[in-house]
Every structure is written in C-alpha cells, then in structure tokens.
Novice: 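One structure follows; several queries about it will come next.
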Amino acid sequence: MIVSGLWLGFERTQIGAQIRAAVDNRRMAESLGINIARLFTIAFAFGAAWRPWAAARRRVPRPRSQYALKYLVYFLIVVAVGGLGA
C-alpha cells in the first residue's frame, strides 16, 4: 500500500513530474524554472520524515555474543589482504 502510494505520487502529481525531470536532466529542469535545490530538499525531508516510521516497523535483532569469534578469521583475512592503510 505504501509503495503504491509513492508510485502514484511520483507518476500522477506535479511535484513527482518535477522530481523525475530533475533526476533525468538537471540542467533542462533548471532552464524550465524548476527550483532544484528546493525540490531535492523537499524530497529529502519527506524521506527523513518517513525514517522513524520505517525503523519502528523493523524488528532489530540483538547481536549474539559469539558474533566476533565467528567472523574473526574473515576480519583478519580482509585486513591482511587489504592492509591497514588501504
């Protein structure tokens, strides 16, 4: 239901058309008079407003006490191959 609402918002509204135009061709959208900075600020604010709701719906598993020991060999291999300064 949320995905369909977002799809309708992008496909059927004026701000959705402006966002699509700005993403496709920023210079052309600016030449048509679309305020790109304001538009991207609105899109970012919309996403940031939905973030707490999405986080509340997701169950975050607790880390297990053996997690570090289970993957320690892999961590050491990555550091050995990649190097500390890479």
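Count residues from 1 along the sequence.
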Novice: Taking all heavy atoms of Phe10 and all of Arg20, pick out the closest pair and write down the distance.
Specialist: O-NE, 2.8 Å
Novice: Compare every heavy atom of Ala29 with every heavy atom of Ala22, then report the nearest pair and how far apart it is.
Specialist: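 Answer, listing the atom of Ala22 first, then Ala29: CA-CB, 3.9 Å.
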Novice: Please tell me whether Ile34 and Phe40 are part of a single hydrophobic cluster in this structure, the criterion being side-chain heavy atoms less than 4.5 Å apart.
Specialist: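 Same cluster.
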Novice: If I take atom CG from residue Leu32 and atom CG from residue Asn25, how far apart are they, to the nearest 0.5 angstrom?
Specialist: 9.0 Å
Novice: Are any of the side-chain heavy atoms of Phe44 and Leu39 separated by less than 4.5 Å?
Specialist: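 Not in contact.
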Novice: Report yes if some heavy atom in the side chain of Phe75 is under 4.5 Å from a heavy atom in the side chain of Val79; otherwise report no.
Specialist: no
Novice: Is the count of non-hydrogen atoms from other residues, nucleotides or ligands lying under 6.0 Å from Gln14 atom CD greater than 12?
Specialist: no
Novice: From Ile15 CD1 over to Ile42 CD1, what is the distance, rounded to the nearest 0.5 angstrom?
Specialist: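 Here the interatomic distance stands at 4.5 Å.
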Novice: Go through Phe46 and Leu6 one step at a time and tell me if the side-chain contact (heavy atoms from CB on, under 4.5 Å) criterion holds.
Specialist: CA-CA 11 Å; Phe46 181 76; Leu6 286 173; 3.5 Å; yes
